[in-house]
2 protein chains.
Amino acid sequence: MIRRKTDHTDIAEGPGPKRKRASRAGNLAEHVYTSLRRAIIEQALAPGTKLPEDSVGTSFGVSRTVVRSAIVRLVAEGLVVQQPNMRATVASPSLEEARAIFRVRRGLERMVLEELMSRLEPSHFAKLRAHVTSEEKAKRHAEPESIRLSGEFHLLLAQFTGNELLIRFVSEVVSRGSLILALYGRPHSSECAVNEHLALIEALERGDLTEAARLMDEHLVAVATRGLLDTDIKRERSLQDILSAYRPAGEA
Amino acid sequence: MIRRKTDHTDIAEGPGPKRKRASRAGNLAEHVYTSLRRAIIEQALAPGTKLPEDSVGTSFGVSRTVVRSAIVRLVAEGLVVQQPNMRATVASPSLEEARAIFRVRRGLERMVLEELMSRLEPSHFAKLRAHVTSEEKAKRHAEPESIRLSGEFHLLLAQFTGNELLIRFVSEVVSRGSLILALYGRPHSSECAVNEHLALIEALERGDLTEAARLMDEHLVAVATRGLLDTDIKRERSLQDILSAYRPAGEA
DNA sequence: CTCAAAATTAATGTATACAGTTTTGATTAG
DNA sequence: CTAATCAAAACTGTATACATTAATTTTGAG
């Protein structure tokens, strides 16, 4: 019953398949799922990257079984695509798809604001402002983290609704939005977002829901259009290399 | 308070009818997923039903591996819930959750109508009318099929948008809606739906999107409230028995 | 040399084994 | 007869094996 926190970094770096014992029996799949998800959102795994089950498995020190179920979830979420008998790959949405996703996102975030009506408390605003602060801080440092944080702002809003389903849907469109920005966006596309987030908070504090909705819509249109210019490169890196950064189980 | 204590509707026992293995290696998981999904939506598998991997596996003549990935998908979709180390069960949403889901659904279907604007063609109307006809036909016969068809009307509308993500989201809320109606709905709750579907079609044909939106909203509210009266029965049946009807393997 | 067929390697689909956890059932004490 | 205890049975989590299908490399003919 007591979970041991055996920090047991047992990496299969070499090609040798070594017998490792799972440090904590339990949610390995969850961990792999979360890690892959983050790696994708943060652009560490570029769209189109192949995800062979056993390579990913050795990266995390788990078997294909575990990787497989993580991948099934990612496919269901649209972050990964897979055809029968073929390797899963990080999704690489077309511009058409991207636009469709952002249209759905706008509708969902409108719903968020509606649900939020009269449900917002002072503590919520504090958290929102705190988040924006960390966005600002990250802005000048890490680029991919900036994208992730920007998305998490919207996720935070959704969470305040307490509507589980809405949270999940928003979570999905936000993730895929990040992926899309990674694909089509220019380097500093998330730059102005911080200001727009702030304006939104202020409208909400004023209780001006109509204005908030307008700002949100504008914001999302801006985010969507800011990221529609050039189709960019994908860098080539070793999968093992990339995933090694995600291996240390820093889960919540 | 009338909750029974032994909620013990598990699925399988009895001699597993050994199914000869499908020599065609392929999408077994897909088949299991689809079948379970249908079984849940058609109320054949009542909310709360336990879904042990082995039992389901023997029902379909496949191994746990296959069942497992199907269940992962169903969990991601919210039709099945699962806690670590414990058996998956068919979801049994609370009234609170049910209402939250229907609120999201209303928003999504509003989006559908918006996307549909100017995209509707004569052939679409033909299909919609044909579908309503089959709804009417099924109404007097099979009760669960009626619920399913009613949901598929909404899915059809969503499909006409061509927006993949929207289709998936609507698909999910429709499925879960069916589940909810099965849980809380009275026998004939889908009765009047047919008329409301017709009225909606007519508004769309007139090109009156505003009216269509109003009707849709009204319709969904009606469906939601029609199904909020008594907390009802769940029938007790053997799992094997139930699933045997879903077994006939769909050829690839 | 070029290109296509064959052979080889890599990766997925599926089943199964085993360890650890939960659930069930039975036995015993009060 | 009820409640607590504990062992057996039922399940899940995970790894691994094997068959089959995709990807890649080699080979052979023109």
Side-chain angles (χ1 to χ4, degrees), chain A residues 1-4 6 8 10 12 15-33 48-75 80-90 238-240 249, chain B residues 5-16 18-33 48-75 80-89 239-240 249 252:
Chain A
M1 305 67 167
I2 310 164
R3 306 141 61 120
R4 299 191 49 201
T6 45
H8 188 262
D10 196 41
K18 32 162 59 168
R19 170 80 174 176
K20 61 281 155 200
R21 24 197 266 271
S23 40
R24 53 158 149 26
N27 42 0
L28 293 188
E30 181 73 19
H31 175 235
V32 172
Y33 163 77
T49 306
K50 301 286 200 315
L51 298 173
E53 290 167 7
D54 36 14
S55 313
V56 176
T58 54
S59 284
F60 287 104
V62 301
S63 80
R64 279 182 56 209
T65 309
V66 171
V67 176
R68 175 162 268 264
S69 80
I71 286 185
V72 168
R73 286 177 65 184
L74 290 166
V75 168
V80 164
V81 294
Q82 190 178 32
Q83 284 175 308
N85 286 315
M86 292 168 90
R87 285 173 290 183
T89 68
V90 177
S238 145
L239 184 68
Q240 300 275 339
Chain B
K5 326 165 80 179
T6 49
D7 203 350
H8 190 251
T9 322
D10 67 315
I11 225 177
E13 76 285 323
K18 301 290 188 169
R19 169 161 165 49
K20 46 288 189 80
R21 85 186 52 217
S23 48
R24 249 194 275 1
N27 43 358
L28 293 188
E30 181 73 20
H31 175 236
V32 172
Y33 164 76
T49 306
K50 303 283 200 312
L51 298 173
E53 291 168 6
D54 297 326
S55 314
V56 177
T58 55
S59 283
F60 287 104
V62 300
S63 80
R64 281 181 55 209
T65 309
V66 172
V67 175
R68 176 162 265 265
S69 80
I71 285 185
V72 168
R73 285 177 66 182
L74 291 167
V75 169
V80 164
V81 295
Q82 191 179 31
Q83 285 176 308
N85 285 317
M86 294 169 93
R87 318 210 268 325
T89 67
L239 182 66
Q240 298 278 341

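Chain A is the first sequence line, chain B the second, and so forth, proteins listed ahead of strands; every chain is numbered from 1.
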Distance, nearest 0.5 Å, that separates OG of Ser59(A) from CG of Asp54(A):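 Atom-to-atom, Ser59(A):OG and Asp54(A):CG are 10.0 Å apart.
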Straight-line distance of Leu28(B) CG to Phe60(B) CZ, nearest 0.5 Å: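 Leu28(B) CG to Phe60(B) CZ: 11.0 Å, rounded to 0.5 Å.
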All side chain to side chain donor-acceptor pair (under 3.5 Å) counterparts of Gln82(A), not counting sequence neighbours: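 Testing Gln82(A) for side chain to side chain donor-acceptor pair (under 3.5 Å), a comparison that skips the adjacent residues, returns none.
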Nearest-nucleotide 5' precedence on DNA chain C, Glu53(A) against Pro84(B):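 Nearest nucleotide further toward 5': that of Glu53(A).
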Difference in axis direction between the ends of the helix from dC1(C)-dG30(D) to dG30(C)-dC1(D), five pairs, 10°: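 Nearest ten degrees gives 10° for this helix.
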Residues in side chain to side chain contact (heavy atoms under 4.5 Å, CB included) contact with Thr65(B), at least two apart in sequence or another chain: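 Only Ser63(B) meet the side chain to side chain contact (heavy atoms under 4.5 Å, CB included) criterion with Thr65(B).
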Short side-chain N/O contact from Ser63(A) to OP1 or OP2 of dA15(D), under 4.0 Å: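 For dA15(D), OP1/OP2 do have a side-chain N/O of Ser63(A) under 4.0 Å.
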What's the [atom1]-[atom2] distance between [X] and [N], to the nearest Å?
X        : N       : atom1 : atom2 : result
Met86(A) : dA10(C) : CE    : P     : 18 Å
Asn27(B) : dT20(D) : CG    : P     : 17 Å
Gln83(B) : dC11(D) : CD    : C1'   : 14 Å
Arg68(A) : dT14(C) : CZ    : C1'   : 8 Å
Ile71(B) : dT12(D) : CD1   : P     : 7 Å
Lys50(A) : dT9(C)  : NZ    : P     : 21 Å
Asn85(A) : dT12(C) : CG    : C1'   : 6 Å
Arg64(B) : dT16(D) : CZ    : P     : 16 Å

Close side-chain approach of Val62(B) to Val67(B), heavy-atom, < 4.5 Å: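 A side-chain contact exists here, since the closest heavy-atom pair is under 4.5 Å.
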Which nucleotide, [options], lies nearest any side-chain atom of [X]?
X        : options                   : answer
Ala29(A) : dT12(C), dT12(D), dT14(D) : dT14(D)
Val62(B) : dT12(D), dT12(C), dA15(C) : dA15(C)
Gln82(B) : dG13(C), dG13(D), dT14(C) : dG13(D)

Salt bridge (Lys or Arg N to Asp or Glu O under 4.0 Å) partners of Arg64(A), counting only residues at least two apart: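 With sequence neighbours excluded, Arg64(A) shows a salt bridge (Lys or Arg N to Asp or Glu O under 4.0 Å) to Glu53(A), given in chain and number order.
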Verdict with reasoning, Val75(A) to Val81(A), per side chain to side chain contact (heavy atoms under 4.5 Å, CB included): CA-CA 5 Å; Val75(A) 168; Val81(A) 294; over 6 Å; no
